[in-house]
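Comments concern the structure below.
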Amino acid sequence: MKKFTRNILQIVAAISTTATLCAGKAMAITVREGAEAARADDMPAELIGADGVFTKFTNIALYVIGAISVIMLIWGGLRYILSGGDNKKVTDAKNTILYAIIGLIVAILAFAIVNFVLNAIGSVSSPETTEQTSLLFTTILA
């Protein structure tokens, strides 16, 4: 009985998934038109690209993380100078400097990875239209 129930649930899940995907493809043009109608005058039209939302967000995040890392480096240096030879304070100051440098390296690597991914799925010109569409949307709608 359990095996029969499991098979029925798998069949229902497969039918539901297929119906959802088909409905999504059929409504994609309507959704795109709705998104364009909801966009304000000063809002960016592209999520990906040089003026895209994701690019602006990652740039702002990198600036904030870079500023915090520089502040923590200065704070660690001051703690190191003011430690007075106390081993625990020296160790804490070195750890602050080390973690600030590691944070900066992680932030730069994250920025590089995000840019690589955004460029990989970035704008490609569709042969049917001259407007820029995302590779992700092109593969979903195809």
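Along the sequence shown, residues are numbered consecutively beginning with 1.
A continuous path of hydrophobic side-chain contacts links M72 to V64 [ILVMFWY only; heavy atoms under 4.5 Å]. Hydrophobic clustering, with ILVMFWY side chains joined whenever heavy atoms are under 4.5 angstrom apart, keeps L98 apart from Y80. A continuous path of Ile, Leu, Val, Met, Phe, Trp and Tyr side chains, each step under 4.5 Å between heavy atoms, connects I105 with I97, placing both in one hydrophobic cluster.
Atom CG in L104 sits 4.5 Å away from atom CD1 in I108 (nearest 0.5 Å). Summarising the geometry, atom CZ belonging to F4 is positioned 10.0 Å from atom CG belonging to L9; distances are rounded to the nearest 0.5 Å. Separation of atoms CD1 (I65) and CD1 (I60) is listed at 12.0 Å; rounding is to 0.5 Å.
At least one side-chain heavy atom of Q10 sits under 4.5 Å from a side-chain heavy atom of N7.
Here the shortest heavy-atom pairing between A93 and G76 reads CB-O, 3.6 Å. Between L62 and A107, the shortest heavy-atom distance links the atoms CD1-O, 4.0 Å. Among all heavy-atom pairs drawn from S69 and G103, the shortest one is OG-C, 4.3 Å.
More than 12 heavy atoms of other shown residues, nucleotides or ligands fall within 6.0 angstrom of atom CZ in F111.
Applying the side chain to side chain donor-acceptor pair (under 3.5 Å) test to every pair with at least one member in residues 91-101, sequence neighbours left out, gives these pairs: R79-T96, K88-D92.
Other residues sharing the hydrophobic cluster of V70, ordered by chain and number and joined by side-chain separations under 4.5 Å: I74, L78. When hydrophobic side chains of Ile, Leu, Val, Met, Phe, Trp and Tyr are connected at separations under 4.5 Å, F57 ends up as a singleton with no cluster partners.
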